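Okay, so here's the structure we're looking at.
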Amino acid sequence: MADRSYSKKEKLKSRKRLGELFATGRSFSIFPVKVFFTATEMQEKGSVQAGVGVSARNFKKAVDRNRIKRLLRECYRLNKTALTEAAAAKHKALGVFFLYVGKDLPEYPALTEKMIAALNRLTDELNR
RNA sequence: CCCACAACCCGAGCUAUCGCUCCCCGUUUCGGCGGGGGGAGGAAAGUCCGGACAGCGCAGAGCAACCCACCGGUUAAGCGCCGGCCUCUCAACGCAGCAAUGCGGGCGGAGAGAGAAAGUGCCACAGAAAAUAACUACUUCUCCCCACAGUAGUGUGGGGAGAAGAAAAGGUGAAAAUGUGAGGUAAAAGCUCACAGUAAAGGCUGGUAACAGCCGUUACGGGUAAACCUUGGGUGCUGUAAUGCCAUGUAUAGGACCGCCUGAGGGCUGCUCGCCCGAGGUCCAGGGUAGGCAGCAUGAUCCUGGCAGUAAUGCCCGGGCCAGAUAAAUGAUAGUUUAGAAACAGAAUCCGGCUUACGAGGUUGUGUUUUUU
């Protein structure tokens, strides 16, 4: 049974962690989503914390930004299983941030496709 | 009946699957799990006004800056709202007229509603001239020329030049020196008079007041203050990333400069004066923290009803508790119904307003056009 929840514990919080992520993390881009991530070794079982964001420069209205963030969260929530399992197997603490860099409002099916691609690549990076 | 506009109401429902956040109850091996419940707006928006709340300041004076500008009420407060006054504009309608139109009228609309008689500036185009007005035409005087009359001084008429008078005529303009009539004069002119108009201060009457009406007096000097300005009244600054507290952690290490009463530096809103505090201060390099609680949601609160008031609004009885996150929840997908792929749009300390954006429909009101009877 796949875990599809996305509760507070799985969210990447705190400005400090985000600052570190943008400053030192690695990144790749699968348009229209840019992914930042860091992986650190853990003694215990691994974990994943993820966050999403949109630039207010590209979307002036708060309603549009909310919509994009909700879609990103939804896509991540429904497709994250492989990634969490990989992280647990490798004993790594993974921090990920999905930044939407497109300039148009996304459609749900297209965004799901991109998200799956991004998650697959993340999983590959972990397993390497 | 259709269309447009204004005000008020509403701002989607259902089903399935997968999710988020807060509260309560139960349970727990303290990781969770189960059940129940709450979960964006009329504008949450713009941040344009006004407050609450908080911190800092609270010897004083001057200047600067900013805001307000008919009256009364309302309110916690207001540049809001309600009612009234004034000015401008104006529908129906009435009167006159063949008509164009004029006069009255006043539903409704607008007003950045103190002062243009303190001063400075500006007033496109047109026009002579846009403010202590002389272009044409007019009048008087002086000089010159011509014609006529006369012996002559001179007189009459015409033309030219100069000086002066004069805003009555012309035509321009959004606006032209208050209008009409009479007197007056060389020609004229509020120069004088009558009537009318406007303004100022005064008196009486009505009104809480703005103001209105009447009386006599004086003046008549265009507009613009959304140009500077003047007058009157008012204003501490910063905003919840405010602010108070708890916890965690490092380095009591290093370097440079200034100063310790002959005083560095700081505070007193933007400036100046003046006053006060004052033994540490500034910078570089390096190290650490960046977690939690309060603020924070029972309030100028919402709903029903009653009473007072023209109304805005206030008071009273009863009932309700209605988001509280912190990278930031309230959703995603599919189907379906209304009505067609619901429009504008997402709380971040909280209220009262204003402004702007917007959807289908309902109710009420107003207006235009056409057709039919």
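Labels below follow one simple rule: chain letters A, B, ... track the order of the sequence lines, proteins then strands, and each chain is numbered from 1. Being a predicted model, the structure only gives us computed values, none of them experimental.
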Using atom [atom1] of [X] as one end and atom [atom2] of [N] as the other, report the distance to the nearest whole Å.
X	N	atom1	atom2	result
A:Q49	B:A328	CD	C1'	16 Å
A:F59	B:A345	CZ	C1'	16 Å
A:N66	B:A325	CG	P	17 Å
A:L78	B:U17	CG	P	15 Å

Using the [atom1] atom as the point on both nucleotides, what is the distance between [M] and [N], in whole Å?
N	M	atom1	result
B:A69	B:A114	C1'	6 Å
B:G38	B:G13	P	14 Å
B:A242	B:U74	P	41 Å

Pairing nucleotide - [N], Watson-Crick or G-U, each distance under 3.5 Å:
N	value
B:A163	B:U140
B:A210	none
B:C88	B:G109
B:G150	none
B:G331	B:C18
B:A129	none
B:G26	B:C33
B:U101	B:A96

Q. How do A:V52 and A:V63 order along RNA chain B: which one's closest nucleotide is nearer the 5' end?
A.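 Its nearest nucleotide lies further toward 5', so the answer is A:V52.
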Q: Please report the shortest heavy-atom distance between A:A118 and A:F28, naming the atom on each side.
A: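 The answer is O-CZ, 3.8 Å.
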Q) How close do A:F98 and A:A50 get, heavy atom to heavy atom, and via which atoms? A)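 Taking every non-hydrogen atom into account, CE1-CB, 4.3 Å.
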Q. Should A:V96 and A:Y76 count as side-chain neighbours, where that means a heavy-atom distance under 4.5 Å?
A.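 No; the side chains remain at least 4.5 Å from each other.
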Q. Just how far is it from atom CD1 of A:I68 to atom CG of A:L111, taken to the nearest 0.5 Å?
A.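 So the gap between those two atoms works out to 9.0 Å.
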Q: Output the distance between atom CZ (A:R67) and atom CG (A:L72), rounded to the nearest 0.5 Å.
A: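 Result: 11.0 Å between the selected atoms.
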Q: Could you check which of B:G346, B:U333, B:C18 has an atom nearest any side-chain atom of A:Y108?
A: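 Ranking B:G346, B:U333, B:C18 by closest atom to the A:Y108 side chain puts B:U333 first.
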Q) Less than 3.5 Å between a donor and an acceptor, one on the side chain of A:R67 and one on the base of B:G346, is that the case here? A)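 Not at all, since no donor on one side and acceptor on the other fall under 3.5 Å apart.
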Q) What does A:K61 touch in the nucleic acid at a heavy-atom separation under 4.0 angstrom: a base, only the sugar-phosphate, or nothing? A)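 Touches sugar-phosphate only.
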Q. Contact class for A:R73 (heavy atom, under 4.0 Å): base, sugar-phosphate, or nothing?
A.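 Answer is sugar-phosphate: A:R73 comes under 4.0 Å of backbone atoms only.
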Q) When you measure from the side chain of A:R65 to the backbone N and O of A:F59, does any donor-acceptor pair fall under 3.5 Å? A)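 Confirmed, A:R65 side chain pairs with A:F59 backbone.
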Q. Is there a side-chain polar atom (N or O) of A:R70 under 4.0 Å from OP1 or OP2 of B:C18?
A.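 Result: no.
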